[in-house]
Amino acid sequence: MKIVDARVIVTCPGRNFVTLKITTDEGVTGLGDATLNGREQAVVAYLREHVVPLLIGLDPHRIEDTWQYLYRGAYWRRGPVTMAAIAAVDVALWDVKAKVAGLPLYQLLGGASREGLRTYGHANGRDIPELLDSVRARLAEGHTSVRVQTGVPGLRRVYGVHSGDPVPSGDRSRSEDARPLVEDWDTAAYLRHVPTVLEAVRAEFGPELPLLHDVHHRLSPQQAARLAKSVEPYDLFWLEDCTPAENQAALRLVRQHSTTPLAIGEVFNTIHDYKTLLDEQLVDFVRSAVTHFGGITPMRKLFDYAAVNQVRTGIHGPEDISPVGMAAGLHLDLAAHNFGIQEYSGHTDATNAVFRHAYTFEGGYLHPGEAPGIGVELDEEAAAAFPYRPGYLPVNRLVDGTVHDW
Ligand code: EZ4
Ligand code: CO
C-alpha cells in the first residue's frame, strides 16, 4: 500500500482546527489532528511545505519508521510546531492501519484495560457561589471529578473564568481580535484565595468528590511549594502545572514540602521534557496530549516510562484539541494499564457536526467506540462552511503591566 494524497484542512466551527487527511492507493483514509491553539497556520505551513511532499509514495504501514524519518530527518528536533505536525501524520497512519485491520485502534494497542474512562469537567465562577453552581452543573452532566477555578478578588479577568462580558465563542478567554486579550494577575492574592475556595467546595460537596486545580504555570518553585502545602487539607486529586517546569529539577522543592499529587505536561512535546520528573518521581500524572506530543507512537513510550515510575496518565482534553486528537487519546487511555483520568470539555454542536465521532460520554464514562480506526470522520463540506479566523490565547500581565507566565 502507498500514500497517494495528504491534505491539510483548516476549519473554524467556533474555533480553529487543523486536520491532516491521508489517502492511500487502496482508497483507505486516515485523519490526524495538528491544532496548535493561536499558532495554527505555522503548523499548516510546516505540513504543507515540508511534510506532505515527503509522504507521497510511502508505505502507510511503516508508522515507527515514518515517525523517526520526520523527527530525526529534520535535524531541528522538538518544539510544538514540529511535534504537532508529526503527531498529525502519526495519528493518520494509525487510523489507516486500524481501518485496514477492521479494528478500533485500542485493539491494536493491546485491547481494553477497563470498561470506560473516568473524566473530569471544568467548573468555574467569578466567585465562590457561582463556582458551586458550576460544580453542580458538571456533576449533573455525569462527570465524577471536577476541576475548580475561580476569579481572584481584586483581579479583573482571570484565565478560564468568564468575566461576564459577552463572548463570541464557547471559549471564554479567547480573543478573535487581531491581538490577544490581556488578563491580569497578582500571585499573592491568588495564594491567599485558593485555600478558601477549596474549603468552600469541600464544605458543600463533602470529602469524597475528586477535585482538581490548574495553576497554569504561574508560580515560582517556592510559591508552588507553599500552595501545594496550603491546599493539602483539601485532598486534591491533582494540582496542575504549578510551575512552568522548563526547569524540571525545580519540582524537587515542591515535592519536598508537600504530598499534594502533581500533574504536569500539557505544553511538553517530547519524552525528554519528563526525564528528571519521571526518574525522580517528582510528578504523579503525565498530562501530554497526542496532538502536541508527536502522536500515538511517542505517547505509548511516555505511558510505559511513566508506569515504570508508578506515575499515571491524565491526557490534556481542552476544546482546542479537535475530536480527532481527543479520539486518539481515548484509544490510548482505554488500553493503558496506568490510565488515571481524562480531561473532557466536550465540543460545540457545530464542531461535532464537522467531526462525526464514534466516541461517547455516557453514564459518566468516555469510550472511544467500536468503529474501525480512531472512529472520526471529517465532513469536508461542513468544514468548508467555517473558514479560518485568527484567534489567540490571552496574555497575562501583573497589575503594574509586567508580562507574567501563564
Ligand atoms: O490552557 O488548552 O488544562 N487545560 C488547560 C487549557 C489550556 C489550553 C491552551 O490551548 O490548561 O485551558
Ligand atoms: Co491546564
Side-chain angles (χ1 to χ4, degrees), residues 12 14-18 33-43 79-81 83-84 87 119-124 134 138 143 145-151 157-163 167 169-176 180-181 183 185 190 194 210-219 224 227 236-246 261-269 273 283-293 313-326 329 340-348 351 390-396 404-406:
C12 187
R15 62 154 46 260
N16 295 311
F17 295 111
V18 179
D33 179 26
T35 307
L36 187 62
N37 195 5
R39 294 293 183 272
E40 296 87 355
Q41 300 289 36
V43 190
V81 174
M83 300 314 288
T119 64
Y120 71 89
H122 293 182
N124 61 74
S134 182
R138 296 296 85 76
H143 290 288
S145 306
V146 183
R147 188 188 86 167
V148 290
Q149 311 290 132
T150 59
R157 187 192 276 278
V158 172
Y159 181 68
V161 178
H162 69 103
S163 61
V167 284
S169 76
D171 184 341
R172 297 182 173 97
S173 288
R174 184 165 173 271
S175 166
E176 301 207 353
L181 284 175
E183 300 182 336
W185 188 246
Y190 170 77
V194 175
L211 296 176
L212 303 85
H213 179 68
D214 191 350
V215 187
H216 287 299
H217 329 265
R218 288 181 181 183
L219 303 177
L227 179 67
L236 285 181
F237 184 88
W238 79 39
L239 184 67
E240 176 175 332
D241 290 335
C242 64
T243 71
E246 281 114 330
L262 303 175
I264 248 167
E266 65 181 52
V267 301
F268 291 1
N269 47 70
D273 299 323
V283 294
D284 302 281
F285 296 89
V286 292
R287 293 267 303 130
S288 293
V290 172
T291 302
H292 301 133
F293 203 74
T313 73
I315 293 183
H316 191 207
E319 299 162 54
D320 51 274
I321 284 172
S322 86
V324 173
M326 270 300 295
I341 199 166
Q342 175 64 54
E343 181 180 29
Y344 182 54
S345 311
H347 289 102
T348 61
T351 298
Y392 293 99
L393 283 158
V395 169
N396 198 24
H404 189 66
D405 291 319
W406 81 274

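Each ligand, and each atom within it, is numbered from 1 in the order the structure gives.
In this structure, the ring of Y120 has its center no less than 6.0 angstrom from the ring center of F237.
Any protein N/O/S atom under 2.8 Å from the Co ion (ligand 2) was counted, giving 3 altogether.
At least one side-chain heavy atom of I341 sits under 4.5 Å from a side-chain heavy atom of S145.
Salt-bridge annotation for E266 and R287: present, with a side-chain N of the basic residue lying under 4.0 Å from a carboxylate O of the acidic one.
Ligand 1 is surrounded by N37, R147, Y159, D214, H216, E240, E266, R287, H316, P318, D320, E343, L393, W406, each with at least one heavy atom closer than 4.0 Å.
Relative orientation of the H347 and F17 rings is perpendicular, given thresholds of 30° and 60° on the angle between their planes.
Using modelled atom types, one finds a donor on one side chain and an acceptor on the other under 3.5 Å when comparing H122 with E343. In the model, T291 has a side-chain atom that pairs as donor or acceptor with a side-chain atom of D33 under 3.5 Å.
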### Message
V148 vs N124, test: side-chain contact (heavy atoms from CB on, under 4.5 Å). Steps then yes/no.
### Response
CA-CA 6 Å; V148 290; N124 61 74; over 6 Å; no
### Message
For F268 and H316: C-alpha separation, side-chain torsions, deciding distance, then whether ring pair (Phe, Tyr, Trp, His ring centres under 6.0 Å) applies.
### Response
CA-CA 11 Å; F268 291 1; H316 191 207; over 10 Å; no
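Each of L212, L211, I264 was evaluated against W238; a single residue qualifies, L212, per the side chain to side chain contact (heavy atoms under 4.5 Å, CB included) test.
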